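One structure is given below, encoded as structure tokens.
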Amino acid sequence: MNCIRTFLFSSILLLSLNGNASPSKNPLLKKGWAALVKDNENEAFRYFWQAHEKANKEKNTVDNAEALLYLGICSYGSSLEKGLQYVTQSLNEYKILEKTDREKALIGRYKCLQLISTIYSRQKKYEEAMKLSKEVVEGLRDKDDKSGTLGLAYNNLGYLCELKNQKIEAGEFYVLALKEFEKANNVAYLPGSYCRLGDIARERGQKAISLDYFKKALALAESSENKQAQVTALLSMGKWFIVFENDLVQAENYFNKARVIAIPLSDKSFEIKTIEALIELKKQQEDFKEVSALQNEVITIKDSFYSFEREQIVKSLEVQFEVSEKNRKLELLSAEKEVSKLTNYFLALLLVVLVIVFTIIYFFLKRINKRDKQILKTKEELVNLMEEQKLLKEQQFQNDIEYKESQLSAVTIQMLEKNELLDEIKTILNRKELTSEKDIKKLISKYTIHDNNWRDFDNYFESVNKNFYTRLKQKYPDISSNDLKICALIKLNLSIKEMASILNISPDSVKTARHRLRKKLQLKTEENLTDFILSV
């Protein structure tokens, strides 16, 4: 029974050391991992070896360390010494990586330690295996481990507690392992974890709970095409039927199905487990002839695992690992002292630099603040000055307008007064009979409205009413110069009498002119001429 549990535990570990079915960004390692999950060890080994050679050629320490680690995972099921050889080389590569990427090197080291712990478990070096798994737990417990290594370390500790008959502690470790696997959804080795908890529940007589765990394990193993996990789950199901249903036929069906799947696997420990399960079953059936035949098969398979030469290699590699670990610890102690010393110097220097920097920043900011205040003050004065200039310009513009309006009014009044005066002269002359009457009237008519008066009027009028004449001409091209004069006088809001006096015509003539103007402007009857002109 202990042998079966050892192989069960090691099979779970075979799928370990990187979660979520993808160990790295390296395409060769990805392909190798995909093949390994489906138990195609030969194909996986080929991809891992290609990755190892490529990394060596490119001097890529990260990829080389990972490739060697996965070569160890892929190899140890069929050859413990090869697995230990590759993982030791990987450990050395991660040690080199410490100089450039300490965090990644540390995670890689824990993965290697867990694989070595697995190999030690197969060699029944349980104390060494427990020591390594505890180191892994201590190192990864407070980290966000997505590789599954922490869960596998918990699983290992649970298994080792089982060997010591510490059932409660074992169950606690298995629960912790399951939580780690479920948290990261690591379908590669969740089946194994479910099987371990199912075994404990079965031993406690928990029929429904144990069956539920085994069914979960089998379903996950089949969906992920994980043949090793399928073997484990099928064996657990067979044992369940023996314990709770005493159905030896159904149990034998499960064991035979597991054996068919296990035979092609390169890791012969799975085939051994299926044969040992059948041996126990045949003993209960008292089929001792079949028991003997099956035992001979187990012996033949086990003999292929061990030889004197392999044991020597394993011992050599173990020594190499132990020496490497001792040297590493000495280097770490020395490095820690040096780092501590350098850290103290650095902190003191940093403190001095910070004081100097903050002092410079303080005076620099103070100077900038003073300059900004001066700039702000200057800007405010400039804005005030511009405002004053603007007001002066507006005042000047208003004065110009008022002056021009006064000039326009003066010219208008002057014209009005002049024409009124001349009208009175005409009236007086009309009362007298003088021989020169005709000549005087002609002279008065000649100078009644001089062109210069109208020219001055137009200039002042246009300066006050910009483009008034232009707008009218553009909109009404047929309008005459006399019509424009009428419009200008209307714009000045003069009465008909005043307009008649300025133009030296009768009020009726002004009315007639206004009437003609309305037609040219195309005004409707209800529209007021004065309002229209004022709006232009």
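Worth saying up front: this structure is predicted, and the values here are computed from it rather than measured.
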Donor-acceptor side-chain pairing of E162 and Y174 below 3.5 angstrom
yes
Open item on the list: Whether E135 and R109 form a salt bridge (side-chain N of Lys/Arg under 4.0 Å from carboxylate O of Asp/Glu) is what I want to check.
Closed with: yes
task: Please confirm whether the backbone N or O of N296 pairs with a side-chain atom of T300, one donor and one acceptor, at under 3.5 Å?
output: yes
Go through the steps to decide whether K167 and E203 satisfy the test salt bridge (charged side-chain N to carboxylate O under 4.0 Å, His left out), and finish with yes or no. CA-CA 10 Å; K167 301 291 184 179; E203 290 171 5; 3.4 Å; yes
Checklist line | Between E66 and Y94: side-chain donor-acceptor atoms closer than 3.5 Å | finding: no
Treating S292 as the side-chain partner and F288 as the backbone partner, does any N or O pair qualify as donor plus acceptor under 3.5 Å? no
Are the side chain of S117 and the backbone N or O of L113 linked by a donor-acceptor pair below 3.5 Å? no
E58 meets the side chain to side chain donor-acceptor pair (under 3.5 Å) criterion, sequence neighbours left out, with K54
Residue pairs passing the ring pair (Phe, Tyr, Trp, His ring centres under 6.0 Å) test with at least one member in residues 203-256, sequence neighbours excluded, are W240-F244, F241-Y254
Checklist line | Main-chain N/O of E222 paired with N226 side-chain donor or acceptor, under 3.5 Å | finding: no
Discussion item. Working note: K282 + E276, criterion salt bridge (charged side-chain N to carboxylate O under 4.0 Å, His left out); need CA distance, chi angles, decisive distance, verdict.
Written reply: CA-CA 10 Å; K282 293 301 177 181; E276 288 179 341; over 6 Å; no
Between P191 and A221 the two heavy atoms that sit nearest each other are CG-N, 3.9 Å
Salt bridge check, R141 against E138: does any charged N sit closer than 4.0 Å to a carboxylate O? yes
message = I'd like to know if K183 pairs up with E180 as an ion pair, taking the criterion as any Lys NZ or Arg NE/NH1/NH2 lying under 4.0 Å from an Asp or Glu carboxylate oxygen.
response = yes
| query | Hey, is K207 close enough to E245 for a salt bridge, meaning N to O under 4.0 Å? | reply | yes
Closest non-hydrogen atoms of C74 and A44, given as atom of the first, atom of the second and distance, are SG-CB, 4.0 Å
For R122 and S269, does a side-chain donor sit closer than 3.5 Å to a side-chain acceptor?
yes
Salt-bridge present (E43, K31; N to O < 4.0 Å): no
Item to check | Under 3.5 Å: donor-acceptor pair, side chain of S133, backbone of M130 | outcome: no
Those residues at least two apart in sequence (or on a different chain) that pass side chain to side chain donor-acceptor pair (under 3.5 Å) with E103 are K143
### Query
Donor-acceptor pair, T274 side chain versus E271 backbone, under 3.5 Å?
yes
Examine distances only and state if a side-chain atom of S90 and a backbone atom of Y86 form a donor-acceptor pair shorter than 3.5 Å. no
- Item | I168 atom CD1, neighbour heavy-atom count above 12 within 6.0 Å | no
ask   = Quick check: does any side chain N or O of N384 sit under 3.5 Å from a backbone N or O of E380, one acting as donor and the other as acceptor?
value = yes
Would the distance check show the side chain of K111 and the main-chain N or O of L106 forming a donor-acceptor pair, the cut-off being under 3.5 Å? no
Q: Using a cut-off of 6.0 Å, state whether more than 12 heavy atoms not belonging to E381 lie near its atom CD.
A: yes
| query | Are D199 and R196 within salt-bridge range, i.e. N to O under 4.0 Å? | reply | yes
Looking only at heavy atoms, the pair that brings L190 and E182 closest together is CD2-CG, 3.7 Å
- For the pair N256 (side chain) and E252 (backbone), establish whether a donor and an acceptor sit closer than 3.5 Å, ignoring hydrogens and angles. yes
